[in-house]
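Notes follow the structure.
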Amino acid sequence: MKLFEVFYKYIVGIVGIIFISCMTVFFTDGFELNISLYVYNLWDVILSIITPSNWHFQQYVGHQLVEKPLFSYIFDNYLYSMTILFAALVIAIVLGMMCALSTFGFPHKMKHAIHTVLNGLEALPDILFIFLLQMLVVWIYKTFDILLFEFAYLGEKIYLSPILSLCILPTVLFYRAFLLLLEEEWKKDYVQYVRSKGFSRMHVLIWHCLRNIKISLVIQSKPIVWITLSSLLVIEYLHNFYGIVRLIFFDTRPFIIAITLILIFTPFYIIYSVLEWIFNVKQAEEFNDSRVSMSGMKLFSTNSKSLANRGIHIFSLINKMGRFFVSLCKKPKFVIALIYLLGITITSFMYSYIAEVPVSTIGIIQGEQGTYHDPPHPPGDGVLLLGSDTHGHPILSKLIVGAKYTILLTALIAFLRIFIGYALSIPYLFWLGNRSKKVINNIADGMQFLPLSLIAYILLVNVLIFDEDQRLFAESVMTSNIILEVSILVLFAIPVVLNTIGREAEEILRRDFAQAAILLGGSKSRLLFQHITVHLFPKLVHLFGQQMIQALQVLMHLSVFRILLGGGVRSGGVASQSLTYEWTGMFETMRMGIMTERYWLIVPVLVLYVLLIFSIQAVVKSIIDIQQQKIGIYSGKKKTKQVDNEGERRASGSSELNKESFVFMNN
């Protein structure tokens, strides 16, 4: 029965991939909802999949379109991509675990510094790691005449450079995941019991804690794998080798897209199905019979007194929100982050409104020695305080104008994901049965094995790239293209967000205070807003920050392929010209800036981007701390140290054990 369920879920995932791959017909030239053409492509893809003789892909050789056998390409290049991908993941897991075990016993201040460094590394774009590694190889070769390894495909397959480039970010993420899970596990009572028997810290960590966090690690590894899959698209492109993802660059037909996504989806589905079977990871928790049923609960309370006091409740809610904001303003990190976010956004709007030409074009200029220079111009005085890009656009003007699009649109994407996921969690929680919830969970798990960057590229590659002679048309459809791109980035993330929020809400509903509210006859609306939402709020805030950073990463990956937010105009061999001057679009010139030592092309936007990530993290952390204190979870330093010290004194049986105990905080 279990094998049949796994096979059934796999077939459902394949069907979903086929439906996604055929959606490209809606985006051939703008957006056109042609249902009949979509159905025709669905049938054509299904026939092509079940007919191996039709397995060919098309590639331009010179100016001629040539058909090549798909099996030979898959057999060679698919194994190449998967070797690089799984090698990077294995290295990331091993290094992350070793670093966590080796630094676990550090003093609290050092561990706090480690968490700060990890947050900083997580804020850096993954494509930066790729370029820095390549620059390191070039520098060592120029300085010592030693070539560490090849980092570009020149006819022979390269492994070391793409593997190292791909494993850096997941190593940081796995290191942080291991460290946080071990810190949480170390606080449990059985750890002190085992330690009291004389076992060493490392023995307890390896033989007890690691074994007990394996289920949580499997669950938390899925977003890390998703990020790594998204980075694989960029790795193949920047290292110039032909992997399975690059197949879509040759042929964008729905059949080729479906085959590519299926080949990416299949190995991870099999691996996680085996892991969930071995570790007994439940996909959808069911209520125990001992729990109270909600079948008799009303949606809204009809009590007249409750209805009469609803206006008072609204006023009280506004008052609470005001006091909550005042509490936040007492945190310096929140104030600094808020000043940065609001200040740069307001400045962007004011500058765009006041300036006659927000972003001017500066062509050939004469230097101090009488020589003439083409763009990009180095930093100088006035409008060229930070230099110009390859088109002669001042970097400073682009950063100011693009700030409002970067901050507001990524915040809008994150907000819509959370809001829609929260709204859909209401029927998920109160009306759907366990079978329906399993279907949603299966869809969400399948979506985590499909990189959103690749899906967005497939759908938008023929929509957001314009030639120079189409500039006026591109500017006229800029708003509609922004709406279209935001909609795609929101809708394809909804199943995963709904699954996360729904499971968290279900877990809260099982707690005793929620069951007591049901017994007392409260309405579903009161249970949702007065109990579940209050405890769910910190998770929603954390998800908001996570989704905003994720949206920035996807936009950055798309910019590498000249797919810019709102559209971009390509100009020969130089970088595309963004219509919105959004920040992530400026990372397209990162390779040029680093390789040609024109660092002004990338350093200013990189600094502002990192500050944006830090500001998001600071705002989210401040809100979570305040809310957790309100619901009884103390996250302040004094409270945390006091609680941990009391737990250590109770658990320690001797002064020697007390010396070896450590204080851990919820970072």
Side-chain angles (χ1 to χ4, degrees), residues 9 12-24 26-27 31 33 38 219-220 222-227 229-230 261 264-265 268-269 283-284 408-433 435-460 482-507 528 532-533 536-537 539-555 557-558 565 620:
K9 288 166 57 178
V12 171
I14 298 300
V15 172
I17 289 174
I18 294 174
F19 275 91
I20 292 174
S21 63
C22 292
M23 290 181 65
T24 54
F26 297 145
F27 302 89
F31 178 75
L33 194 62
Y38 179 73
I219 296 173
Q220 292 196 19
K222 290 182 179 180
I224 302 177
V225 170
W226 180 91
I227 293 174
L229 283 172
S230 296
L261 294 178
I264 294 174
F265 168 78
F268 289 98
Y269 178 81
Q283 294 296 317
L408 294 182
L409 289 179
T410 52
L412 177 64
I413 292 171
F415 173 77
L416 289 176
R417 289 178 178 179
I418 302 303
F419 178 79
I420 297 174
Y422 174 77
L424 293 178
S425 69
I426 298 175
Y428 176 95
L429 189 63
F430 293 116
W431 294 307
L432 294 184
R435 289 186 177 180
S436 301
K437 292 177 182 178
K438 284 184 178 180
V439 171
I440 295 175
N441 296 340
N442 294 337
I443 294 174
D445 289 338
M447 291 295 294
Q448 287 186 337
F449 303 139
L450 300 178
L452 184 56
S453 301
L454 179 58
I455 295 175
Y457 170 80
I458 292 169
L459 299 179
L460 298 173
I482 290 176
I483 296 174
L484 179 62
E485 186 170 358
V486 169
S487 301
I488 290 174
L489 296 182
V490 169
L491 293 178
F492 281 94
I494 290 300
V496 178
V497 176
L498 171 60
N499 183 40
T500 302
I501 297 176
R503 286 184 174 182
E504 289 289 335
E506 224 174 19
E507 184 64 29
L528 175 68
I532 295 177
T533 303
L536 191 62
F537 183 74
K539 182 65 177 178
L540 296 178
V541 173
H542 174 74
L543 265 179
F544 175 82
Q546 187 183 70
Q547 295 300 316
M548 191 170 176
I549 296 174
Q550 185 188 98
L552 287 169
Q553 291 174 340
V554 173
L555 291 175
H557 290 164
L558 293 177
L565 183 61
V620 168

Atom [atom1] of [X] and atom [atom2] of [Y]: how far apart are they, to the nearest 0.5 Å?
X: Y422; Y: F415; atom1: OH; atom2: CZ; value: 11.5 Å
X: Q550; Y: L555; atom1: CD; atom2: CG; value: 10.5 Å
X: S425; Y: N499; atom1: OG; atom2: CG; value: 11.5 Å
X: F268; Y: L450; atom1: CZ; atom2: CG; value: 11.0 Å
X: I494; Y: L416; atom1: CD1; atom2: CG; value: 8.0 Å
X: I418; Y: L540; atom1: CD1; atom2: CG; value: 6.5 Å

Shortest non-hydrogen contact from [X] toward [Y]:
X: Y38; Y: F19; result: OH-O, 2.8 Å
X: M548; Y: A414; result: N-CB, 3.6 Å
X: P427; Y: A423; result: CD-O, 3.3 Å
X: L452; Y: R417; result: CD2-NH2, 3.5 Å
X: A505; Y: L536; result: N-CD1, 4.1 Å
X: S21; Y: T24; result: O-OG1, 3.2 Å

Less than 4.5 Å apart, side chain to side chain, heavy atoms only: is that true for [X] and [Y]?
X: V497; Y: L424; result: no
X: W226; Y: V496; result: no
X: K539; Y: T500; result: yes

Within the distance-only criterion (no hydrogens, no angle test), does the side chain of Y428 pair as donor or acceptor with the backbone N or O of G421 below 3.5 angstrom?
-> no

Check against side-chain contact (heavy atoms from CB on, under 4.5 Å), L454 and S230 = CA-CA 7 Å; L454 179 58; S230 296; over 6 Å; no

Given F492 and L459, is the side-chain contact (heavy atoms from CB on, under 4.5 Å) satisfied, shown in steps?
-> CA-CA 12 Å; F492 281 94; L459 299 179; 3.7 Å; yes

E485 and side chain to side chain contact (heavy atoms under 4.5 Å, CB included): which partner among L409, I413, L460?
-> L460

